[in-house]
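Source: prediction; values computed, not measured. Hydrogens, waters and symmetry mates are skipped; everything else that's a heavy atom, side chains included, is used. By convention in this document, chain letters (A, B, ...) are assigned in the order of the sequence lines, proteins followed by strands, and residues within each chain are numbered from 1.
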2 protein chains.
Amino acid sequence: MPRIHRRKRSPVHSARLGSRGRATRERLKTAARCVLDRKGYSQMTVADVTKEAGVAAGLFHRYFPDLRTLTIELLGEVMAELGDTARIERGIGRGDWWGRIRSHIVPSVENHALRPGLVRAMNQLADEYPPFRAQLRDFYKTQLQLLSAQMPRLFPEAKLSATEALLIAYALGGISEAALRERYILRNSALRELQFTPEEMADWLAMLVYRALFAANPPAGRLDGAARLLAVKARAPRPGKNGRSSRKATTG
Amino acid sequence: MPRIHRRKRSPVHSARLGSRGRATRERLKTAARCVLDRKGYSQMTVADVTKEAGVAAGLFHRYFPDLRTLTIELLGEVMAELGDTARIERGIGRGDWWGRIRSHIVPSVENHALRPGLVRAMNQLADEYPPFRAQLRDFYKTQLQLLSAQMPRLFPEAKLSATEALLIAYALGGISEAALRERYILRNSALRELQFTPEEMADWLAMLVYRALFAANPPAGRLDGAARLLAVKARAPRPGKNGRSSRKATTG
DNA sequence: GGCATAGTTGAATCCATATTCAACTACAAA
DNA sequence: TTTGTAGTTGAATATGGATTCAACTATGCC
């Protein structure tokens with residue numbers, strides 16, 4: 001966590017900047033995006049950013065009070081792009097759950113594939129700075145609620161409360177979160193060798209989410225990269241009366 | 001990330017410590033466990049630990065070269081306890097997948113419930129220090145491989161490679177990881193109000209994992225807390241020929 | 001050109017923490 | 001009781017950044 005000291009002479013307000021100033025401010029932001037992606041938030045220093053921007057160290061504080069403020073501004077912009085749920089859901093039929101799930105996962109895969117460092121930085125900042133954590137949570141929540149808000153009506157017999165639905169939504173969100181972190185952020189070499197395209201990755205993850213949610217495979221027509229997964233399923237769809245009967249599923 | 005400076009006069013080797021020394025070393029470890037749980041790794045300072053232990057600041061370096069070393073020693077011990085997979089799998093029948101999944105999740109839930117801070121600290125340290133990241137990955141991998149190693153044989157028709165199975169295992173691991181983080185580490189207030197016991201939480205998560213893996217509900221006999229989830233499933237088990245047909249699942 | 005203002009520089013300073021160490025204390029063996 | 005050694009203390013010092021600021025430069029306007 002970049003140390004933040006107390007003194008603070010506030011930077012020049014953006015509105016009072018001339019065009020040269022605005023340009024420099026942008027240069028710093030671009031540099032920061034780059035450093036953030038390379039080193040992550042908790043390793044970033046002011047010197048990293050000014051060096052990357054090709055600018056004297058002291059200039060930083062003319063434009064930003066500290067690294068955290070800059071980072072929040074930056075990541076906020078990324079989130080705004082990503083979180084355009086209207087765009088994500090465009091063209092998805094109301095009952096087309098396979099399509100909906102998949103089209104929520106696709107941009108997330110792309111984001112991890114394209115700027116893994118930024119995703120990591122987001123998590124670091126959220127871990128260290130509660131207000132941003134809240135912001136990030138809201139961001140996810142908005143996404144998750146598109147799913148969880150439907151659940152009670154989708155499965156009336158289960159009598160799910162809104163909160164129970166939320167728990168399920170968080171859990172399902174973890175499916176792609178974990179896989180994408182392992183593949184793109186930690187760059188697990190085995191997973192890299194799979195050479196999945198982002199599309200295929202999205203197919204596989206959407207498949208798992210769909211199955212966890214519906215206890216069934218998605219409609220077979222449009223599975224694309226994930227069709228092979230249809231064969232991943234219990235051998236005996238109707239096991240006997242007690243748990244032991246599932247022993248049949250074993251190999252050998 | 002606690003700063004680690006260069007100089008370093010190495011601490012007294014454990015073997016040369018008298019009984020008083022060993023006791024103090026333990027006291028520091030206990031204190032560190034406590035601070036770690038309270039503040040996490042990246043906020044912890046040497047002063048925190050010595051203060052908690054009720055000991056002069058300088059004494060720390062007689063026993064440990066730096067915070068990271070101490071933390072690794074500590075978390076390694078926690079992992080050793082947790083990773084006793086022999087114990088976890090004891091008494092589980094070979095084909096009893098519901099039992100196996102559930103009994104892997106239970107200790108993880110307990111760990112989150114009991115010492116959420118330590119789990120968080122593990123992630124922070126792994127994020128900041130690659131060697132520990134490798135160690136942690138190995139730890140999970142051991143667990144995951146109990147699952148992924150079986151998959152190719154479990155679903156021969158899917159022709160899963162070992163790596164593809166691993167991807168699935170990571171993804172499934174994310175289910176409980178995300179839910180437990182949200183509930184116990186971030187202390188999401190809505191989820192807390194659910195008042196799930198660790199047992200119930202484990203039941204729900206195991207249920208979702210089982211479904212994602214087998215595209216079916218687990219055998220009905222032993223679901224305990226999660227029985228209600230059986231009703232969470234697609235209304236039309238055999239949708240028509242193309243994707244659109246799943247529209248039936250919609251409310252209204 | 002002369003002037004005013006915005007923008008830039010980097011050496012000086014500040015700060016929170018880590019790390020050392022010389023002096024001190026507690027204990028145990030002789 | 002003496003004395004040697006392990007253990008402890010906390011003030012002094014070292015570090016790696018962040019932050020400031022007085023001097024400097026570029027730009028645009030008259």
> Arg62(B) has a side chain; which of dC15(C), dG7(D), dA18(C) sits nearest to it?
Replying inline: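 Closest nucleotide to the Arg62(B) side chain: dG7(D).
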
>> Closest approach to the side chain of Asp66(B), judged atom by atom: which nucleotide of dT19(C), dT19(D), dG7(D) is it?
In response: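 So the side chain of Asp66(B) is nearest to dT19(C).
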
> Do any side-chain nitrogens or oxygens of His61(B) fall under 4.0 Å of OP1 or OP2 in dT19(C)?
Replying inline: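 The answer is yes; a side-chain N or O of His61(B) sits under 4.0 Å from OP1 or OP2.
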
By salt bridge (Lys or Arg N to Asp or Glu O under 4.0 Å) - contacts of [X] (at least two apart):
{"X": "Arg68(B)", "result": "none"}
{"X": "Glu52(A)", "result": "Arg38(A)"}
{"X": "Glu193(B)", "result": "none"}
{"X": "Arg187(B)", "result": "none"}

Measure from [atom1] on [X] to [atom2] on [N] and round the result to the nearest Å.
{"X": "Leu70(B)", "N": "dT19(C)", "atom1": "CG", "atom2": "P", "answer": "12 Å"}
{"X": "Lys39(A)", "N": "dG16(D)", "atom1": "NZ", "atom2": "P", "answer": "14 Å"}
{"X": "Arg22(A)", "N": "dA6(C)", "atom1": "CZ", "atom2": "C1'", "answer": "12 Å"}
{"X": "Met1(A)", "N": "dA16(C)", "atom1": "CE", "atom2": "P", "answer": "13 Å"}
{"X": "His5(B)", "N": "dA18(C)", "atom1": "NE2", "atom2": "C1'", "answer": "5 Å"}
{"X": "Phe64(A)", "N": "dT20(D)", "atom1": "CZ", "atom2": "C1'", "answer": "18 Å"}

> For DNA chain D, which residues in residues 27-38 of chain A have a heavy atom at a distance below 4.0 Å?
Replying inline: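 Listed by number, there are none.
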
>> Checking Ser42(A) now: which residues fulfil side chain to side chain donor-acceptor pair (under 3.5 Å) with it, not counting sequence neighbours?
In response: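 Side chain to side chain donor-acceptor pair (under 3.5 Å) list for Ser42(A), sorted by chain: Gln124(A).
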
>> Just to verify, what does Thr30(A) make a side chain to side chain donor-acceptor pair (under 3.5 Å) with, not counting sequence neighbours?
In response: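 With neighbours one apart ignored, the set is empty.
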
> So which of residues 45-59 of chain B are in contact with DNA chain C, with a heavy-atom cut-off of under 4.0 Å?
Replying inline: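 Contacting residues: Thr45(B), Val46(B), Ala47(B), Gly58(B).
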
> Residues two or more places apart in sequence or in another chain: which of them pass side-chain contact (heavy atoms from CB on, under 4.5 Å) with Lys29(A)?
Replying inline: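 Partners of Lys29(A) under the side-chain contact (heavy atoms from CB on, under 4.5 Å) test: Arg25(A), Glu26(A), Phe64(A), Leu70(A), Glu73(A), Leu74(A), Glu77(A).
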
> For Thr45(B), what residues pass the side-chain contact (heavy atoms from CB on, under 4.5 Å) criterion, not counting sequence neighbours?
Replying inline: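 Result, side-chain contact (heavy atoms from CB on, under 4.5 Å) vs Thr45(B): Ala47(B), Asp48(B).
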
> Can you find a side-chain donor-acceptor pair between Asp66(A) and Thr69(A) that sits under 3.5 Å?
Replying inline: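 A donor-acceptor contact under 3.5 Å links the two side chains.
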
> ring-ring contact (aromatic ring centres under 6.0 Å, His included) with Phe196(A): which residues, sequence neighbours excluded?
Replying inline: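 For Phe196(A) the ring-ring contact (aromatic ring centres under 6.0 Å, His included) partners, ignoring immediate neighbours, are Trp204(A).
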
>> I want to confirm an ordering. Mapping Ser19(A) and Arg3(A) to their closest nucleotides on DNA chain C, which one lands closer to the 5' end?
In response: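 Closer to the 5' end of DNA chain C: Ser19(A).
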
> Going through the distances and angles, do Arg192(A) and Asn188(A) end up as a side-chain hydrogen bond (donor to acceptor under 3.5 Å, both in side chains)?
Replying inline: CA-CA 6 Å; Arg192(A) 251 188 304 159; Asn188(A) 181 309; over 6 Å; no

Between the protein and nucleotides 24-29 of chain D, which nitrogen or oxygen pairs come in under 3.5 angstrom?
none

>> At 4.0 Å (heavy atoms only), tell me whether Tyr63(A) reaches a base, stays on the sugar-phosphate, or touches nothing.
In response: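 Result for Tyr63(A) = sugar-phosphate.
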
